[in-house]
Amino acid sequence: MALEIKYSADQEHQVEAVNAVCDLFRGQEFMDSDFVAEMGTGILEGQVAQVGHANGLRLSAAQLERNLHVIQEGNALAPSSVATDGHLRDFTVEMETGTGKTYVYIRTIYELNRRYGLTKFIIVVPSVAIREGVKKSFESTKKHFDMLYDKAPLECFVYDSKDMGPVGSFATSSSIQVMIINIGAFDKDNDFDDDEIAGPTGGRDKRNLFHRPSERLIGGQSPRELVSSCNPIVIIDEPQSVDSTAKRKRAIRSLNPLFVLRYSATHKEAYNKVYRLTPVDAFQRGLVKGITVDSVLSQEDLNGSYVRLESTKIASPITAKLTIDVRQKDGSQKRKKVNVKTGDNLFNKSGENADYEAGWIVSNISAAAGDEWVEFQNGGRIELGQAIGDVAAEAIKRAQIKSTIEDHLQRQLELAPRGIKVLSLFFIDKVEKYRLYDPVRNGEYAQMFEEEYTAAVNSPKWRKRYAEAGVKLDTDATAVHSGYFSQDGKGHLKNTSDAASSAADISTFETIMRDKETLLSFPADGDDDETRAKKRIQFIWSHSALKEGWDNPNVFQICTLVETKDKLTKRQKIGRGLRLCVDQNGERCYDEGVNVLTVIANESYDSFANGLQSEFEEDGYKFGILTAESFSNVVVEREDGTEELLGFQKSKAVFDSFKDQGLIDDKGKITPELKQAAEQGSVPVPEGLENVKTEVERIILKKAQKLQIRDKAKEVEVKLCKDVTANPAFQELWERIRKRTRFEVDVDSDKLVEDACEEIAKMPEVKAPEILSTRADLTVDTAGVNAEAHSTALVRTAGRAVYDLPDPIAELQDAVGLTRATIKRILEGCGRYDEFALNPALFLAQVASKVNKVKAVAIAKGIKYTKLPEEDWYTMKDLDPGDLKAYVGQNAWESAHHKSLYNYVVYDSSSVEKPFAVELDQAEEIKVFAKLPSSFKIDTPLGAYNPDWAYVQEIEGEHRVYFVTETKGGGNNDIHTRPTEQGKINCAEKHFEAIWEPDFFYNVKTTYRS
């Protein structure tokens, strides 16, 4: 049975991104708009032959702009109103690689259809790789979205100029239609190109087939004319690569889009950003794998003639920068960079180093972009980034391969029992390094791999460990690796082009996408030979040009073996394996201890980490920077109990006050003084904004954090300390806290209804929608039917718009989780139900927010915990950390006094949790303490809760007191908690009351002594 990846509908960040787009149009009237796709001979008599269905919209530009600014404030984004062709048309969603960008825009398509009836969508992609990935995503998510959207009919197809049938259906079908198209398929229109084609009249038709009339389409129209009549919503995947030129922008405009939605992790043009999930957000929220760097380095070997090409420069004359071994005055050698031109002798440049006597004279230099090289009279030739004479190069490559195999075998040993198959990825820049022909044989890297893999799996170390764990170890080195490259006409693997648009490239990407689930699967009984062979593959070799559009969630190791100029950035490399892994049931694993991506690099940890951070900054993300809008989405409670966002103006006031006090510099960079004040809970805020100080401090600390990249050289294994577990003090503590409970919630329905009605009465007025009237001239000619707008007007009406009203009780049931009877009472008693028909979506959203607020308070008051039987309590086995790894100085600290339950204390926060651990360790009255593992949880209606610490305090050498403590930021015991966190803490208090014994306490602290 094929593995089927399962999707979750309640990923918070994905729902946020979907709503950010859909809420742009909240309160407006959408409708299906018909147009004449083909007319009979009696056009003037209106004899319609076929009708097309287009996206219809009546929307006030002013209301759209207001909606945009509300969304931007809610997501702490700078307000903007960037117009395209005079209209507010383009909107941007920024999501870090591996967080489900494609899932989000597919779900947005379904949601826009459900809310507003929109049916026509075009997804424009930059490459075959991304196109195949999008196509695969529609296939793999179909069952998921069928359940989520009650099998809403959706037809998705890839544009193919040889098959116009789907294009015709796109225009005439009333179901959701999605066309996926490469920008290269329609970006040639008015400019002459090298691939001109003879037109029907014998002239030269320079246009793509997409722009040319076709007899296979209705009325002989071109595909562009037909789809543009539908006013499609255009979704651009990776816009920085799609509409990067004036010609491509014109191509997008030719689609006559109703709106353009742009999705990427690295936007070059911001337009109107409605949602942003930054790299730090993704890593902090556990939405992608953590990163560990395994550095493979060698000392410089200064024997022989070493030459490396660093760069070339177009000048007069053309020059190159080389790294060579230069002889010093004392006779020693030092590796240095030198500039050379044609005719220069490296013997002279090297201080007469004898290693360069044999014809190392520069004979030719090429500085052409993408084709940089230097030739020497002795026949030597080097390309950009390549080194010759490096006697350590082969040893480093072999060491990288060996390290990748070792890391892979360790990870597979740990994860196979959890049903997770481990994959490793090698990037190379030349296929001949992997495969040679005439005769067919391994390239040097493949040969190294098979030698090192065979040696590893036949070693007593791995055979014994795999046998003891009961995990199957595949010992056939030839069966566990395969290359994914393009093939030429003879079936030979070939280097993949950057454009990746040839038929061979298309076949390659189809294979990668089609076999993704197979690669994730372990071999099983009943597999045919071909399937079994694919499932045995654990190590994938691929071309460095495959920089975007594909990945695999179970890639845990990435190794780059590139000699010449590396075509991949560090961010592109890690992007191939950032997605959270899946098991054999297709279920996503969210365990942070499992989701770690190891990069095997031939550079130091510091160099890799700094380089990756620099790339993020080049792509627009600034670390440690505050902006005027940073605090705009902080929630403020008014005196009357209603809530509002702080908003841009007040956020800017906070920002300006920090600037005036010198707590940030002119660029908004957070000073050490401001960070320290935030850690201590003493940040000064403007008068009148004291009630948002805690949230302001939380945001400062979040912004001050850098990207967490782990150094594998500092990796340690976390283990239980047996002497601590045997300590009577800990045994008594454990007996108190290992009890488990179940909860019941007894809510006073009358009180809940009363409070909900009171809150709803305070909510903002729900207004009738604004209607936009557009006048257009309709023309019918041989080119087709076209409409050109010439005026618009805002229409205000006294009556109400006619909607197909949803069932308000059913809609609210999904949002608030109350019974139909209770919701009915709330709607009848709130005094605002007459506003429902004015704007159903807005009304229900506001009511759901108010009811959920009241419900959270009611749950905390009405929850009751009951102790479970002893056989259901936690055991010492639940404290075992398993194969947990940590990194000293980064997220692990070693107890100096050996009081900790574990040999290393693993902490999330270096400003709160680590200092707390140090305090516990140094306090003489503390006998033992434990940072409680994530497996130790208390069930609450708001989700599982994991308290931080358990410890034993001895008073005057006689009396012991047992504590469970939650640590939060804030100075002077000014506890920092968000509403959801506080709700869980309130529930935890009731849990501990239910299992209370003498001398046992639960509390929340900022520091141990507070």
Side-chain angles (χ1 to χ4, degrees), residues 12-28 59-84 87-96 99 101 104-105 108 111-112 115-116 233 235-236 239 259-282 285 619-622 625-636 643-656 668 689 692 695-696 698-700 702-703 764 767 770 839 841-842 845-846 849:
E12 186 179 12
H13 70 289
Q14 294 175 344
V15 174
E16 289 170 353
V18 172
N19 286 333
V21 170
C22 295
D23 289 350
L24 277 168
F25 316 115
R26 177 179 281 179
Q28 305 309 312
L59 181 65
S60 155
Q63 183 63 44
L64 176 62
E65 185 175 24
R66 285 196 293 270
N67 287 347
L68 170 63
H69 291 165
V70 168
I71 292 164
Q72 289 173 327
E73 281 195 346
N75 289 323
L77 298 167
S80 65
S81 301
V82 180
T84 308
H87 302 287
L88 195 57
R89 188 200 72 173
D90 290 62
F91 304 99
T92 296
V93 173
E94 181 180 321
M95 293 183 68
E96 179 55 18
T99 57
K101 164 174 63 73
V104 163
Y105 67 65
T108 300
E111 191 66 21
L112 286 172
R115 294 194 196 185
Y116 309 119
I233 299 286
I235 294 171
I236 303 182
F259 293 104
V260 178
L261 309 177
R262 300 162 172 273
Y263 293 80
S264 177
T266 54
H267 292 275
K268 298 302 181 187
E269 297 180 87
Y271 288 95
N272 302 293
K273 195 170 291 184
V274 296
Y275 184 76
R276 187 183 197 196
L277 182 71
T278 70
V280 173
D281 291 333
R285 294 168 66 173
D619 288 333
Y621 184 81
K622 302 300 181 185
I625 297 290
L626 291 175
T627 57
E629 66 274 6
S630 290
F631 312 106
S632 60
N633 65 343
V634 170
V635 176
V636 182
E643 294 178 344
E644 65 177 353
L645 296 181
L646 186 63
F648 177 75
Q649 292 303 325
K650 290 181 180 178
S651 173
K652 186 175 184 300
V654 175
F655 174 84
D656 288 341
L689 296 178
V692 299
E695 278 295 286
V696 166
R698 181 187 64 81
I699 292 170
I700 291 169
K702 177 184 174 184
K703 295 284 187 181
K767 297 179 180 179
E770 296 174 345
N839 195 327
L842 181 59
Q846 291 188 178
S849 174

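No hydrogens, no waters, no symmetry mates; every other heavy atom, side chains included, goes into these values. What you are looking at is a predicted structure, and each value in this text was computed from that prediction instead of being measured. Positions are given from 1, in the same order as the sequence printed here.
- Panel note: side chain Glu65, backbone Ser60; no donor-acceptor pair is recorded below 3.5 Å.
- Taking all atoms of both residues into account, the shortest heavy-atom contact from His13 to Leu277 is CD2-CD2, 3.8 Å.
- Every residue two or more places apart in sequence or in another chain that forms a side-chain contact (heavy atoms from CB on, under 4.5 Å) with Glu94 is listed here: His267, Lys273, Arg276.
- The CD atom of Gln649 lies 10.5 Å from the OG atom of Ser632; values are rounded to the nearest 0.5 Å.
- Distance OH/Tyr271 to CZ/Arg89: 7.5 Å, rounded to 0.5 Å.
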Checklist entry - When you look at Arg262 and Ile235, which way does the side-chain contact (heavy atoms from CB on, under 4.5 Å) test go after all the steps? => result CA-CA 6 Å; Arg262 300 162 172 273; Ile235 294 171; over 6 Å; no
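- Within the 4.5 Å cutoff, the side chain of Val93 has no heavy atoms near those of the Leu261 side chain.
- Closest approach of Met95 to Ala17, counting heavy atoms only: SD-CB, 4.1 Å.
- With sequence neighbours excluded, the residues satisfying side-chain contact (heavy atoms from CB on, under 4.5 Å) with Ala20 are Ile71, Asn75, Val274, Tyr275.
- Between Leu689 and Phe631 there is no side-chain heavy-atom pair separated by less than 4.5 Å.
- Contact check for Ile236 versus Val260: side-chain heavy atoms found under the 4.5 Å cut-off.
- At a threshold of 4.5 Å between non-hydrogen side-chain atoms, the residues Ser81 and His69 count as touching.
- Counting all heavy atoms, side chain and backbone alike, Ser651 lies closest to Ala628 at OG-O, 2.6 Å.
- Using a 4.5 Å heavy-atom cutoff, the side chains of Asn633 and Leu646 are not in contact.
- Residue pairs satisfying the salt bridge (charged side-chain N to carboxylate O under 4.0 Å, His left out) criterion with at least one member in residues 13-23, sequence neighbours excluded, are listed as follows: Glu16-Arg285, Asp23-Arg26, Asp23-Arg115.
- Under the side-chain contact (heavy atoms from CB on, under 4.5 Å) criterion, Lys703 pairs with Leu626, Ser630, Ile670, Ile699, sequence neighbours left out.
- The CD atom of Glu73 sits 10.5 Å away from atom CG of Leu68, with the distance rounded to the nearest 0.5 Å.
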Checklist entry - How far apart are the C-alpha atoms of Cys22 and Thr108, what are their side-chain angles, what is the distance that settles it, and do they pass the side-chain contact (heavy atoms from CB on, under 4.5 Å) test? => result CA-CA 7 Å; Cys22 295; Thr108 300; 4.2 Å; yes
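- For Thr92 against Ala270, the heavy-atom pair with the smallest separation is OG1-O, 2.7 Å.
- For Tyr263, the ring pair (Phe, Tyr, Trp, His ring centres under 6.0 Å) partners are Tyr105, not counting sequence neighbours.
- Phe648 meets the ring pair (Phe, Tyr, Trp, His ring centres under 6.0 Å) test with no other residue; sequence neighbours excluded.
- Using a 4.5 Å heavy-atom threshold, the side chains of Asp281 and Glu96 count as separate.
- Here the side chain of Asn272 pairs no donor or acceptor atom with the backbone of Phe91 at under 3.5 angstrom.
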